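First comes the structure, then the notes that go with it.
Each chain gets a letter, A, B and so on, in the order the sequences are listed, and its residues count up from 1. Please read all numbers here as calculations on a predicted model, not as lab measurements.
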Amino acid sequence: MRLINRHPGIVLRAALVALPFVALFIAYALGSQARLAVNPSDKLMPAPSKIAETAVRLLTEPDRRSEKILFWYDTWASLVRLTLGVGISAVLAVILGLLIGLLPYVRATLAGFVAVVSMIPPLAVLPILFIVFGLGELSKVVLIIVGILPFLIRDLSARVLEIPREMIVKAETLGASSWVIALRVALPQLMPRLIQAVRLSLGPAWLFLIAAEAIASEQGLGYRIFLVRRFLAMDVILTYVIWITLLAFVMDMILRGISRRFFPWTEASL
Amino acid sequence: MSFVTATNIFQSYGRRPILERVNLSVEEGEFVSIVGASGCGKSTFLRLLLAQETPTRGEIRIDGAEPAREPGLDRGVVFQRYSVFPHLSVLENVVAGESFRRPWGRFIGAEKRAARDRAMQVLARCGLEHMAAAYPAALSGGMQQRLAIGQALAAKPRILLLDEPFGALDPGTRLQMHDFLMDLRAETGMTVFMVTHDLEEGFKLGDRVLVFDKPRWDLTDPDIIGATITYDFDARDGGIPFQTIKEDTHVFRPN
Ligand SMILES: Nc1ncnc2c1ncn2[C@@H]1O[C@H](COP(=O)(O)OP(=O)(O)OP(=O)(O)O)[C@@H](O)[C@H]1O
Ligand SMILES: [Mg+2]
């Protein structure tokens, strides 16, 4: 039988899914063991047990100076920024995507402009954002927006343009105004695509968030990582990295769940 | 004055003429089938009737009104594909036929209940009652086209335009759809234009069969001549009109 037609069974599949994770863990554990054997005070690759210990401490013990558990405090600060940045971008992208996709006048005005703006490297304008919006929350949220909004607008307006002309014409023959076509035909069909696009832009959103936090901040996951870098506290960094990965993964799962739950009509047709 | 009149229609895309000198007048309630070779401009003519495009020259009027500049409530349409809204349930698709003309595109309260009741009757007529809550993706091709026709009729258009509505259906389903369409037409007396590739279907359903073709052939460049209506058959009485009249006049009747 051809390789393209061979499928693993349920058990084997589960084992294969776990394989790269287990392999990575073992490779790390071996490497760490080897280094620690040579130099017991090595900080570069702390033992998995040490990381677990640190994680428990970070998650439960409050900071001596501020009396807060910094881990949760950082998580909360970062999630608020990320949610605001992504949420505002999503709302703006839906509105602009619909306008550009449906109205030729807006398309003529904005499509080229958005295409050019999306070429600006967001991190290059970060200093400008800090100068204009200060070092507070605003500039970090704005960086996320600058980073992902052009992509979202381009993606969503393209999706609106992909709606078959026949369907729009059909709505016109039912007496629908431009507003009703946007609200009742284009918007509902755009929603599952919005979720797809947001899932894709979550990666860049995290990137911009951590970059902004690393440069100017007093709290946040990215801030903490870059702070403890000075002490070569790999155990803390790795705990945070694993935690960020987990958060990003869960967000992706939630978005996928929303898509399945609220847009059942896409399942069979897309 | 005829119900639908097309006077001296020319349509070109860029410098390429597709239709030329198309003249047509259709009475209210007529069923007009349109046939012709692939790419000769049948769909283009339907788009002109729909006012989705405006002709390069000439004008189309319905009931003597000013030529329309965009599709509207007086024209209903069913395409071969994409004629129903995938994000609305079967019932909501039919309700949309009445509600999309509203400022927010929907009904509320008692009006909504009444519209749903009417939509259920339409669905019963289309044999889709049992699928009211399903999404179109769950329907077969024939069911989807029945839904599209029901939805178009729920908006009560003055003319109905069908572009190869049964083109993608198997022969059995096609026959069922013919019966369905003929019944509906007998009930509503609607004026219908239907593009089809199936001559038999055209003659069976139509009162008239229009053939689109190029009137001349330019051997050096066939593309510089557009198509027009080259034949206009009377398709009533199974495509053999006047047979009853002839028999009446020539046969001796004792009483
Ligand atoms: N918007 C357009 N711009 C340029 N050319 C077009 C456009 N629409 C149609 N045409 C051309 O006009 C010609 C007629 O197209 P049309 O779709 O009307 O043919 P048709 O008779 O419906 O063919 P079929 O039976 O295959 O559906 C085709 O050659 C097509 O390439
Ligand atoms: Mg066609």
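Take B:Arg47 and apply the salt bridge (charged side-chain N to carboxylate O under 4.0 Å, His left out) test, not counting sequence neighbours, and it matches B:Glu53.
Per-residue counts of heavy-atom pairs under 4.5 Å with chain A were compared for B:Ala154, B:Ala155, B:Ala51, B:Gly72; the largest is that of B:Gly72. The choice from A:Met191, A:Gln189, A:Glu166 that makes the most heavy-atom pairs within less than 4.5 Å of chain B is A:Glu166.
Between A:Lys170 and B:Ala148, the closest heavy-atom pair is NZ-O, 3.2 Å. When every heavy atom of A:Glu172 is checked against every heavy atom of B:Pro71, the shortest pair comes out as OE1-CD, 3.1 Å. Here the shortest heavy-atom pairing between A:Thr173 and B:Val77 reads CG2-CG1, 3.9 Å.
With a 4.5 angstrom heavy-atom cutoff, B:Ala152 touches chain A via backbone and side-chain atoms both.
Residues from residues 175-187 of chain A that place a non-hydrogen atom less than 4.5 Å from a non-hydrogen atom of chain B comprise A:Gly175, A:Ala176, A:Ser177, A:Trp179, A:Val180, A:Leu183, A:Arg184, A:Val185, given in numerical order. For residues 88-118 of chain B, a heavy-atom distance under 4.5 Å to chain A picks out B:Leu88, B:Ala96, B:Gly97, B:Ser99, B:Phe100, B:Arg101, B:Arg102, B:Pro103, B:Trp104, B:Gly105, B:Arg106, given by residue number. Residues of residues 1-22 of chain A never come closer than 4.5 Å to chain B when only heavy atoms are counted.
Of the inter-residue distances, the one linking A:Met167 atom CE with B:Phe79 atom CZ reads 11.0 Å to the nearest 0.5 angstrom. To the nearest 0.5 Å, atoms CD1 (A:Ile168) and CD (B:Gln52) are separated by 10.5 Å.
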Requested in this report: Run the numbers on A:Leu174 and B:Phe85 for side-chain contact (heavy atoms from CB on, under 4.5 Å), then give the verdict.
Outcome: CA-CA 12 Å; A:Leu174 302 182; B:Phe85 301 110; 4.0 Å; yes
